[in-house]
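Just so you know, these numbers use all the heavy atoms, side chains as well, and skip hydrogens, waters and symmetry mates. Both ligands and their constituent atoms are indexed starting at 1 by order of listing. Counting begins at 1 with the first residue of the sequence.
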Amino acid sequence: MTHSTHSKPAASETGDPFLLTPGPLTTSRTVKAAMVHDWGSRDASFIAINKAVLTRLCEIANGGGDYVTVPMQGSGTFAVEAMLTSFVPPTGKVLVLINGAYGRRAKRILEIAGRETVVHETAEDTPPDLNEVEAILKATPSITHIFTIHCETTSGILNPIVQIGALAAKYRKGYLIDSMSAFGALPLDARALHVDALAASSNKCIEGVPGLGFVVCRRAALGACKGNATTLVLDLHDQWANFEKTGQYRFTPPIHVIVAFHQALEEFTAEGGVAGRGGRYQSNCRILLEGMTALGFKPLLAPHLQAPIIVTFHMMNHPRFIFQDFYDGLKDRGFIIYPGKLTVADSFRIGCIGRLGEKEMRGALAAVREVLQEMGVTDSATRAA
Ligand SMILES: *Cc1c(COP(=O)(O)O)cnc(C)c1O
């Protein structure tokens, strides 16, 4: 392809392409700048920063005094695995609600840990069937926990965590949530939902850099987890007990990541917390959906199922639409999108999260229009799949 139709590529505050992906994301210059120092991991100034981070995360989940944040070094999956293998005892049985890759991953974690599972799986564009979930709970009283994904990033679908929580409460089951791609952008009231634990990470909607997962835990439920863990490093109870005793991590923490996360949380608060952050993403999502639809693309999800996090679009059914060229053309113009991961449809994804606003979303749409023209997809509006 020739790239003569566009001028200078769009770029972030630090001159990088914008990441329209589900994370890691485009972060602010100030978040990255927070990392150009060294701290001792046992030094009081780092311990104070870490404590402020954990307290703030608990507040965002409306945890009050009943909840505590236990951090876990590593990517988000480390936190999910720590949550599942610490909260579910060897005799436990988890009802796993699956409608995408992250639900399937949780099932795999439980299987490796030797925990029994019961699965309710729906298609990637379909939320769990709550009547069916209730029927399973009635039929299988040995279920001890329900696990669900808040926003299943595979498609961008919003799962009904409040209604699932009501079933967990009615049948007195533990309730575990992977809120990775939603935490900080979509409201989640841990106390009202009576969740046992929810997992998320530094590099999604709080807009930090990758390297720290965390689990917001109900103190009473966490207190009962001693001895459950299947590994030393992912033992949340032990990690927590050590914090209570010393304020410190058991093993080397990703210090720079945590200090950047602290800065990201300050910026999150300055933006107005969940309402402000979620509002910006909502606006990004609306601009993206309107613009892409006008260009002939069709979103996978019905509007009421679409979380304002990431949007899945069907591949365009046009003889001149070649995804690799589309991807490369957008990258040349400063926008990185994300391939699809779906089994139900040939698709790609564009994220709404990270340090992006109206200007960047409109820039991305202009780039999409240019690339379509360059590929010779000029009648796209009539060619949508
Ligand atoms: C990003 C994400 C994770 C964690 O992925 P990592 O690559 O381990 O950070 C888990 N669940 C969901 C729903 C996610 O979006």
Report the relative orientation of the aromatic rings in Phe321 and Phe297; use parallel for angles under 30°, tilted for 30 to 60°, perpendicular for over 60°. perpendicular
For the pair Tyr327 and Phe323, name the ring-plane relationship: parallel under 30°, tilted 30 to 60°, perpendicular over 60°. tilted
Could you label the plane-to-plane angle of the Tyr249 and Phe243 rings as parallel, tilted or perpendicular, counting under 30° as parallel and over 60° as perpendicular? perpendicular
Decide side chain to side chain contact (heavy atoms under 4.5 Å, CB included) for Val94 and Glu116; before the verdict, give the C-alpha distance in whole Å, the side-chain angles of both, and the deciding distance to 0.1 Å. CA-CA 6 Å; Val94 186; Glu116 275 195 75; over 6 Å; no
Can you check whether Pro339's main-chain N or O pairs, donor with acceptor, with Arg349's side chain at less than 3.5 Å? yes
Kindly indicate, with the supporting measurements, whether the criterion side chain to side chain contact (heavy atoms under 4.5 Å, CB included) is fulfilled by Leu97 and Ile164. CA-CA 10 Å; Leu97 306 184; Ile164 297 164; 3.7 Å; yes
Can you pull every nitrogen or oxygen pair between ligand 1 and the protein closer than 3.5 angstrom?
from, atom 1, to, atom 2, distance (Å)
ligand 1, 8 (O), Ser75, OG, 2.5
ligand 1, 8 (O), Gly76, N, 3.4
ligand 1, 8 (O), Thr77, N, 2.8
ligand 1, 8 (O), Thr77, OG1, 2.5
ligand 1, 9 (O), Gly76, N, 3.0
ligand 1, 11 (N), Asp178, OD1, 3.4
ligand 1, 11 (N), Asp178, OD2, 2.6
ligand 1, 15 (O), Thr153, OG1, 2.4
ligand 1, 15 (O), Lys204, NZ, 2.7

